[in-house]
Amino acid sequence: MSDRHSWCHGPYCHQKQTQDRVRGVKGNKVLRTRKVRWYQSNVESKWNYFCGNTCLHDYINEHLRAFIGIAPRLEPLETPIEVKKVHHPEEQYNWGTRKAYTETVINRIDNVNR
Ligand SMILES: [Zn+2]
């Protein structure tokens with residue numbers, strides 16, 4: 001197991017009042033940013049940079065403009081689909097009758113061809 005690590009990138013990680021963040025000696029204590037261990041050093045994961053959801057979302061909120069600027073969405077994307085109406089007839093079960101109904105089925109065209 002690798003001991004590769006980074007400091008949590010959460011901008012307020014060092015302000016959260018939990019015992020595991022307390023460092024220092026009596027009279028000179030601090031709350032310190034958590035260290036995040038890379039469990040698999042060859043795998044890129046957000047959990048290599050953030051100690052939890054709160055710090056991840058704090059980071060996104062704090063840097064939202066820059067974050068969105070990395071890959072702006074200026075136009076909508078589209079996924080080709082096929083829409084089918086599937087009719088299910090009335091059926092009898094032990095517990096009673098399931099009425100007939102029509103289901104709308106949406107299939108991605110790239111899935112249909114695979
Ligand atoms: Zn954190």
Side-chain angles (χ1 to χ4, degrees):
M1 185 156 96
S2 168
D3 64 351
R4 190 172 172 187
H5 70 269
S6 55
W7 296 104
C8 174
H9 283 56
Y12 311 115
C13 192
H14 67 293
Q15 295 174 0
K16 303 199 186 303
Q17 296 173 16
T18 63
Q19 295 218 6
D20 67 306
R21 288 176 169 93
V22 175
R23 294 291 183 277
V25 295
K26 193 172 183 179
N28 193 22
K29 290 192 180 289
V30 295
L31 292 169
R32 183 179 289 165
T33 297
R34 279 179 172 163
K35 196 180 273 190
V36 183
R37 185 177 306 281
W38 290 43
Y39 285 98
Q40 292 177 289
S41 60
N42 57 338
V43 176
E44 267 295 1
S45 163
K46 60 186 173 287
W47 304 123
N48 291 339
Y49 302 98
F50 299 97
C51 71
N53 272 315
T54 304
C55 282
L56 171 62
H57 286 103
D58 286 349
Y59 183 89
I60 292 170
N61 291 333
E62 187 80 7
H63 304 288
L64 188 59
R65 288 267 172 197
F67 190 75
I68 296 303
I70 294 166
R73 170 85 52 239
L74 303 176
E75 294 183 12
L77 302 179
E78 294 181 346
T79 302
I81 58 168
E82 197 173 69
V83 180
K84 290 183 190 164
K85 296 286 183 187
V86 178
H87 181 72
H88 297 275
E90 181 178 292
E91 288 192 50
Q92 300 294 327
Y93 292 97
N94 300 342
W95 47 264
T97 302
R98 193 202 65 212
K99 294 190 173 180
Y101 68 100
T102 301
E103 179 186 13
T104 301
V105 178
I106 298 173
N107 288 317
R108 286 171 49 160
I109 290 191
D110 57 359
N111 283 348
V112 170
N113 296 333
R114 282 181 193 163

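Numbering of residues begins at 1 and proceeds along the displayed sequence. Ligands are counted one by one from 1 in listed order, and the atoms in each one are counted from 1 as well. All values reported here derive from a predicted model rather than from experimental measurement.
Here Val83 sits in one hydrophobic cluster together with Ile81, Ile106; the rule is ILVMFWY side chains under 4.5 Å apart, joined directly or through other members.
Partners of Lys85 according to the side chain to side chain donor-acceptor pair (under 3.5 Å) rule, which considers only residues two or more places apart in sequence or in another chain, are Thr104.
Panel note: side chain Asn48, backbone Val43; a donor-acceptor pair is recorded below 3.5 Å.
Ordered by chain and number, Cys8 SG, Cys13 SG, Cys51 SG, Cys55 SG make up the set of protein N, O or S atoms under 2.8 Å of the Zn ion (ligand 1).
Legend: salt bridge (charged side-chain N to carboxylate O under 4.0 Å, His left out) pairs involving residues 89-102, not counting sequence neighbours, sorted by first then second residue: Glu91-Arg98.
Interatomic distance, OG of Ser6 versus CZ of Arg37, reported as 11.0 Å (0.5 Å rounding).
Around atom NZ of Lys29, more than 12 heavy atoms belonging to other residues, nucleotides or ligands sit under 6.0 Å away.
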